[in-house]
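Here the structure is a predicted model, which means the values were calculated and not measured.
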Amino acid sequence: MTTCIPAGSGNLHYSVAPCKGQGYRKTCWVSGVAFNRCIQKELLWSCGVSKFLQTQRCNYSKSPFSENWKSLRTVTSSCLRDGSTKYFDFAVVGSGVAGLRYALEVAKHGSVAVITKAEPHESNTNYAQGGVSAVLCPSDSVESHMHDTIVAGAYLCDEETVRIVCTEGPDRIRELIAMGASFDHGEDGNLHLAREGGHSHRRIVHAADMTGREIERALLEAVVNDPNISVFEHHFAIDLLTCQDGSDTVCLGVDTMNTETQEVIRFISKVTLLASGGAGHIYPSTTNPPVATGDGMAMAHRAQAVISNMEFVQFHPTALSDEGLPVTPTKSRENAFLITEAVRGDGGILYNLSMERFMPLYDERAELAPRDVVARSIDDQLKKRHEKYVLLDISHKPRKKILSHFPNIAAECLQYGLDITYQPIPVVPAAHYMCGGVRAGLQGETNVQGLYVAGEVACTGLHGANRLASNSLLEALVFARRAVQPSVDHMKSSKYDLGTSNWWSRPVVPFSLGSEAMEKILLMTRKVRRELQSIMWEYVGIVRSTTWLQFAEQKIGELEAKWEEYLFQQGWEPTMVGLEACEMRNLFCCAKLVVSSALARHESRGLHYTIDFPNLEESKRLPTVILPGSSVKGTWSSRQLHKQPL
């Protein structure tokens, strides 16, 4: 069967052949792809994604890259400056656990630029409360962790990826401890292991309820002390710098904008790692920090990278509901405050506002069911009862235990008059994690030469249709480490010269428009952003239907067209860049990828639940794949600002 996915600028076709094997699938084929006069042969998820475009025989025009690459001079100094151009061996976009862990390893082999949108600590990692899952208890096993991961992922996980992550995870934890990360220990002196929803054993390594913050602290400390790593704060990544080498798309760096000086800075690099996090802000309520606007996913899509499984958006079932607090916050939050999975793992019970426990009605695992089940159950209660939040109660546990395990949550709630040691916590689902993203092989490689991905921006096959709690930091650590050797190999075989920077026209900061026009553009962009988020929540939320998705697709297209027309009427040009406008561009791109992927899946699996196809279908147990397509007639969000070098 051939499925058509509209994404960006045109119709992208793919067909899937049945996968062999019983239980969860080991590999999956994507075949018969037709785009840009190319015939796509075979794609194995875990066979090395970078190889799959090499089977194409395409009629691409020759680029200077293919002619000059071998003769270009290697630049090995820490940072050569050419006006607003910087040269590095490795460019890392993002400063969460994946980006920093990778940077520390590749810095042993060359110069590294860590490019971060805000301050280095402002990442999803810093907001991760629960912990990192790993098999560290004698009664636990890799097989058990694999089983829990695959069951939570609704059997869409890639078996080889799952085995690698669960096997290598314990060593990655030990490396963090050796670097100075401090995790909680029990009275016996061993690591205290928590249990969360979907896990059959206690295997969550944590630092109270601020695990991500502790990991980020340890990694940042090491990065600051590494002379080969330069950190560029407040640099917003605009677009990847790519060109064609025969049938291969090659990445040679990234354009950025210093949001404090309003200067466009070009980074030329032999290897680029995207570790830019997710796209939670396509929805109005998200636990993600403000920087999570899907920049990496959108840039990769525009750069012709393969995207996969974008329909699987995880809504964390328990974000703090401000409406249910005794004292209402005076201003709206930029991101929802997360109430970690570990509260339910420690015995927290969910009630509706009539203090009726409801989870046993939906799943025999009750509060310990996977996140997708809990989120849908809460959503159902809210809609049936016309209520705005439910209650999560941990107050039946000893006060001392609550305060020692969840000090951050207790302090946040107490600010608004709520004492969690004797009062239930008002909670509501919020967008939390993208299980899909840029399709990656077993070493973080993509189909774009020189481009690697790790962390939430990547789709490795680990999470399948739903991420198991505390597997995200684990995946980031494992794949950041696995991407190192192929990156180093690519770096050593790659060369560039100072002239490389001039292959692409430079983005323009719109100083020429004047303050009045810019103010109008900003006000319009903020209004459009709220409208897009509202459409996504209403029609592409926890429960979906074909009609709602088609309506969302139409409304998003109209909204995007209206916004772009307004920008250009105000004098905006396609090569112009500004933080909020470019974020809006990326939000549109990611929203369309989610809707297109959701329309292509004619079943309910994991995080994707549609009332038109409410059941699992074995024949549909395949990843959704969005392949590159022509962007000649695409919208502004779907094409790169610069033209490909000729």
- Do Asp148 and Arg203 sit within salt-bridge range, that is, some charged N less than 4.0 Å from a carboxylate O? yes
- Task: For the residue pair Asn466 and Phe312, establish whether any side-chain heavy-atom pair is separated by less than 4.5 Å.
- Result: no
- Message: So, taking the atom named CD1 in Ile173 and the one named CG in Leu477, what distance separates them when rounded to the nearest 0.5 Å?
- Response: 6.0 Å
- Query: Are any side-chain N or O atoms of His235 and backbone N or O atoms of Glu233, one a donor and one an acceptor, separated by less than 3.5 Å?
  - Reply: yes
- Is the backbone N or O of Ala154 less than 3.5 Å from a side-chain atom of Arg605, with the two atoms forming a donor-acceptor pair by type? yes
- Task: Identify whether the distance between the nearest side-chain nitrogen and carboxylate oxygen of Arg172 and Glu175 falls below 4.0 Å.
- Result: yes
- Message: Looking only at side-chain N and O atoms, does Asp372 offer a donor or acceptor that is under 3.5 Å from a partner on Gln314?
- Response: no
- Task: Indicate whether any N or O donor in one side chain lies under 3.5 Å from an N or O acceptor in the other, for His463 and Glu475.
- Result: yes
- Task: Begin from the C-alpha positions of Trp504 and Leu252 and carry the test side chain to side chain contact (heavy atoms under 4.5 Å, CB included) through to its verdict.
- Result: CA-CA 11 Å; Trp504 306 269; Leu252 292 173; 3.7 Å; yes
- Item | Heavy-atom closest contact (Asn447 atom, Val306 atom, distance) | OD1-N, 2.8 Å
- Query: Is the backbone of Asp89 close enough, under 3.5 Å, to the side chain of Ser111 for a donor and an acceptor to pair up by distance?
  - Reply: yes
- Distance from Leu451 atom CG to His490 atom NE2, nearest 0.5 Å? 9.5 Å
- Query: Looking only at heavy atoms, which two atoms of His199 and Ser133 are closest? And how far apart?
  - Reply: CE1-CB, 3.8 Å
- Kindly compute the distance separating CD1 (Ile339) from CD1 (Ile425), expressed to the nearest 0.5 Å. 5.0 Å
- Task: Report the C-alpha distance between Phe232 and Phe267 in whole Å, list the side-chain angles of each, state the deciding distance to 0.1 Å, and finish with yes or no for ring pair (Phe, Tyr, Trp, His ring centres under 6.0 Å).
- Result: CA-CA 11 Å; Phe232 295 88; Phe267 289 85; 4.9 Å; yes
- Query: Just by distance, with hydrogens left out, do Asn586 and Asp295 show a side-chain donor and acceptor under 3.5 Å apart?
  - Reply: yes
- Query: Sub-3.5 Å donor-acceptor pair from the side chain of Thr460 to the main-chain atoms of Ala440, do we have one?
  - Reply: no
- Message: The test is side chain to side chain contact (heavy atoms under 4.5 Å, CB included); show your working for Arg585 and Ile238 and say whether it passes.
- Response: CA-CA 10 Å; Arg585 174 177 177 241; Ile238 300 166; 4.3 Å; yes
- Message: Go through it in stages, so that I can follow the logic: the residues are Glu580 and Arg529, the test is side chain to side chain contact (heavy atoms under 4.5 Å, CB included), and I'd like the CA-CA distance, side-chain angles, deciding distance and then a yes or no.
- Response: CA-CA 9 Å; Glu580 292 191 46; Arg529 180 165 170 159; 5.7 Å; no
- Message: I'd like to know if the side chain of Thr624 pairs up with that of Glu311 as donor and acceptor (distance under 3.5 Å, no hydrogens or angles considered).
- Response: yes
- Euclidean distance, Thr85 OG1 relative to Ile265 CD1, rounded to 0.5 Å: 8.0 Å
- Message: Taking the side chain as everything from C-beta on, heavy atoms only, tell me whether Val271 gets closer than 4.5 Å to Ser494.
- Response: no
- Message: Working note: Gln640 + Thr242, criterion side-chain hydrogen bond (donor to acceptor under 3.5 Å, both in side chains); need CA distance, chi angles, decisive distance, verdict.
- Response: CA-CA 9 Å; Gln640 293 176 317; Thr242 58; 3.3 Å; yes
- Do Asp184 and His405 have side chains that get closer than 4.5 Å, going by heavy atoms? no
- Is the shortest heavy-atom distance from the side chain of Cys590 to the side chain of Met434 under 4.5 Å? no
- Task: Give a yes or no answer on whether the side chain of Glu214 reaches the backbone of Ser182 with a donor-acceptor pair at less than 3.5 Å.
- Result: yes
- Query: Between Thr318 and Val427, is there a donor-acceptor pair closer than 3.5 Å when you use the side chain of the first and the backbone of the second?
  - Reply: no
- Between Cys137 and Leu193 the two heavy atoms that sit nearest each other are CB-CD1, 3.8 Å
- Can you check whether Ile409 reaches Val343 side chain to side chain, under 4.5 Å on heavy atoms? yes
- Test Leu273 against Ser487 for side chain to side chain contact (heavy atoms under 4.5 Å, CB included), laying out the working first. CA-CA 9 Å; Leu273 175 84; Ser487 296; 6.0 Å; no
- Within the side chain of His192, is there an N or O that forms a donor-acceptor pair under 3.5 Å with the backbone of Phe183? no
- Message: Show the nearest heavy-atom pair for residues Pro429 and Ile542, with the distance to one decimal.
- Response: CB-CD1, 3.7 Å
- Does Val540 have any side chain to side chain contact (heavy atoms under 4.5 Å, CB included) partners at least two apart in sequence or in another chain, and if so, which? Tyr283, Met536, Arg544, Leu549, Ala552, Val594, Val595
- Taking atom types as modelled, find out whether His432 and Thr287 have a side-chain donor-acceptor pair closer than 3.5 angstrom. yes
- Item | Side chains of Leu220 and Leu100 in contact at under 4.5 Å (non-hydrogen atoms) | yes
- Message: Minimum heavy-atom separation for Leu241 and Ile268, please, with both atom names.
- Response: CD1-CD1, 3.9 Å
- Item | Donor-acceptor contact present, side-chain Thr286 to main-chain Ala431, <3.5 Å | yes
- Quick one: does Ile626's side chain get under 4.5 Å of Ser597's, heavy atoms only? yes
- Heavy-atom closest pair (Cys251 atom, Thr272 atom, distance to 0.1 Å) is SG-OG1, 3.7 Å
- Query: If we only count heavy atoms from C-beta on, is the Leu607 to Val313 side-chain gap below 4.5 Å?
  - Reply: no
- Between CZ on residue Phe588 and OG on residue Ser637, distance to nearest 0.5 Å: 7.5 Å
- Task: Indicate yes or no: does Glu341 engage Arg467 in a salt bridge with an N to O separation below 4.0 Å.
- Result: no
- Message: Assess, by modelled atom type and distance only, whether the side chains of Ser470 and Glu196 contain a donor and an acceptor separated by less than 3.5 Å.
- Response: yes
- Query: Side chains of Lys86 and Ser230: do they bring a donor and an acceptor to under 3.5 Å?
  - Reply: no
- Task: Indicate yes or no: does Arg163 engage Glu160 in a salt bridge with an N to O separation below 4.0 Å.
- Result: no
- Message: With side-chain hydrogen bond (donor to acceptor under 3.5 Å, both in side chains) as the criterion, how do His145 and Asn471 come out once you've worked through the C-alpha distance, each side chain's angles and the decisive distance to 0.1 Å?
- Response: CA-CA 10 Å; His145 193 181; Asn471 265 3; 3.1 Å; yes
- Message: Between Gln304 and Val448 (side chain of the first, backbone of the second, donor and acceptor by atom type, cut-off under 3.5 Å), is there such a pair?
- Response: no
- At what distance, to the nearest 0.5 angstrom, does CG of Leu468 lie from OG1 of Thr149? 5.0 Å
- Query: Any side-chain donor paired with an acceptor under 3.5 Å for Asn225 and Glu221?
  - Reply: no
- Task: Examine distances only and state if a side-chain atom of Tyr433 and a backbone atom of Ser472 form a donor-acceptor pair shorter than 3.5 Å.
- Result: no
